[in-house]
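Comments concern the structure below.
Here is how names work: the chains are called A, B, and so on, in the same order as the sequence lines, proteins then strands, and each is numbered from 1.
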Protein chains: 2
Amino acid sequence: MSSVARTRATQASDTGRSARKSEQTRARILDAAAYVLSRKGYAGTRLGDIAERAEIQAPAIYYYFHSREDLVEEVMWVGIAQMREHLEDALKGLSADARPMERIELAVSEHLTHELEISDYTTAAIRNAGQVPEDIKRRYDREAKRYGDVWHELFEAARKAGELRADLDPMVARMLVMGALSWAAEWWNPRRESLATVTKTAVSFIRNGLQAAPDVAEGS
Amino acid sequence: MSSVARTRATQASDTGRSARKSEQTRARILDAAAYVLSRKGYAGTRLGDIAERAEIQAPAIYYYFHSREDLVEEVMWVGIAQMREHLEDALKGLSADARPMERIELAVSEHLTHELEISDYTTAAIRNAGQVPEDIKRRYDREAKRYGDVWHELFEAARKAGELRADLDPMVARMLVMGALSWAAEWWNPRRESLATVTKTAVSFIRNGLQAAPDVAEGS
DNA sequence: GTCTATAAAATGATAGAC
DNA sequence: GTCTATCATTTTATAGAC
């Protein structure tokens, strides 16, 4: 659907002159690859299927990507990298005196919104992270760790502020939260429940699950 | 590691005489297939790799399974079927007057314990559910639905008893919980945190996330 | 930039010996 | 029950025309 992958797709041209169409084709290939990768898996991703969806012939892919591996690597990478950028931008928008739990709530809602918007990239990464070759995995893991670090800081701040219940192992709690969120792309059906319903329920469930105080009275 | 898959592995013999060794070989192939499938994905699962791990030659697989597809289908199927059996057995062990939330707590803990014990089958199913061919997916979905139904009833009972917070969409809350649990097999490292730490944190996080009353005072 | 033609490599499945 | 030998098919990647 949407043509994501601006992040790196841009470096295709060196002149910066009129590479518009070229960039578009590159982005179309990347989107097609995410689509196929999420549905067929790493080993099942055929260049022919990607080409068909991108409406080109398979060998044309080699004009934009050095190899099948390179293309897959970029799909895995770009999804999570953009997720982190999106989250960091959103957090910057919060007022400086926002409480740690407020920041976590925003992160939950922003993660879900973005994830479900680029769901092909999300499910491609989720389903294939444990199946891609070492080279690809290394680069993906590095990026996934950067994203995990953002969440780690959110949880650390909450813990220090005494907003995390004491009987929770912070690391385990964080992984449970991230799992609940990541998994949403696997089951969410927009025709069954709205995105708003999903985020509202997730925010409430997670806040109450983590929160030390049962229900602090503070409206404004 | 463990040789799971007794469920169907048993129907291999019709005489029931001395099929012990045969059953063992069949179970070894199934375990090996779960191992490879979880790491290489559906399309990347080579009969040669399965055979190597099962310590036989590839063509021997055809003595026990009609095709590569049949073998994969059984791996996908047996993991979730056993998970449901395990959960139903555990729930039967609860006293009849257990409160709905107590039943959910037991389900959380039993799901995690069993899932992490047969993690090859679990990750194989999770990672490949969206990637296998239609035939396999149909049968898997039917079994997954049966498992989901067990959880659905647990949540329905809690809702009717007023133990679920009103601002939660029950369906969404259930999927968030199941996602958090399913995902555990992807990140859990027994050398980093004990299984007890994981289940304890998960039970607490989920109970507080779902529970209507902030903290009802009732010890015994 | 994109296509057609093709070379080279890998794998599922069967045949048939033991 | 399990193995060796083999066929048919599929797919990545390159060469080279346009």
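To the nearest angstrom, C1' of C/dG12 lies 14 Å from NE2 of B/H66. In this structure, B/Y62 places its OH atom 7 Å from P of C/dG12, rounding to the nearest Å. Distance CD1 (B/I50) to P (C/dT11): 12 Å, rounded to an integer number of Å. Here C/dA13 presents its P atom at 18 Å from OH of B/Y64, a figure rounded to the nearest Å. The distance between atom CZ of A/R26 and atom C1' of C/dT2, rounded to the nearest whole Å, is 17 Å. The CD1-C1' distance, from B/I61 to D/dG1, rounds to 14 Å in whole Å. Atom OH in A/Y63 sits roughly 4 Å away from atom P in C/dG1 (whole-Å rounding). As a whole-Å value, the separation of A/F65 CZ from C/dT2 P is 12 Å.
For B/S67 and C/dG12, the shortest distance from a side-chain N or O to OP1 or OP2 is not below 4.0 Å. Between A/T25 and C/dG1 there is no side-chain polar atom (N or O) within less than 4.0 angstrom of OP1 or OP2.
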For nucleotides 3-7 of chain D, give me every protein contact, N/O to N/O, under 3.5 Å, one pair per line with atom names.
unit_1: D/dC3; atom_1: OP2; unit_2: B/Q57; atom_2: N; d: 2.7

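For the pair B/E134 and B/R138, the salt-bridge criterion is met [side-chain N within less than 4.0 Å of a carboxylate O]. Comment: B/R159 engages B/E156 in a salt bridge, judged by a side-chain N to carboxylate O separation of less than 4.0 angstrom. Salt-bridge annotation for B/D120 and B/R39: present, with a side-chain N of the basic residue lying under 4.0 Å from a carboxylate O of the acidic one.
The side-chain heavy atoms of B/R84 and B/E143, taken from C-beta on, include a pair separated by under 4.5 Å. Within the 4.5 Å cutoff, side-chain heavy atoms of B/L181 are placed close to those of B/W151. Residues B/E105 and B/V108 fail the side-chain proximity criterion, which asks for heavy atoms closer than 4.5 Å.
B/S119 contributes no side-chain N or O that, together with a main-chain N or O of B/T122, makes up a donor-acceptor pair within less than 3.5 Å.
For the residue pair A/Y147 and A/H111, a side-chain donor N or O sits within less than 3.5 Å of a side-chain acceptor on the partner.
Listed in residue order, the members of residues 37-49 of chain B having a heavy atom less than 4.0 Å from DNA chain C are B/T45, B/R46, B/L47.
Checked against side-chain contact (heavy atoms from CB on, under 4.5 Å), B/N189 has the following partners two or more places apart in sequence or in another chain: B/R191, B/R192.
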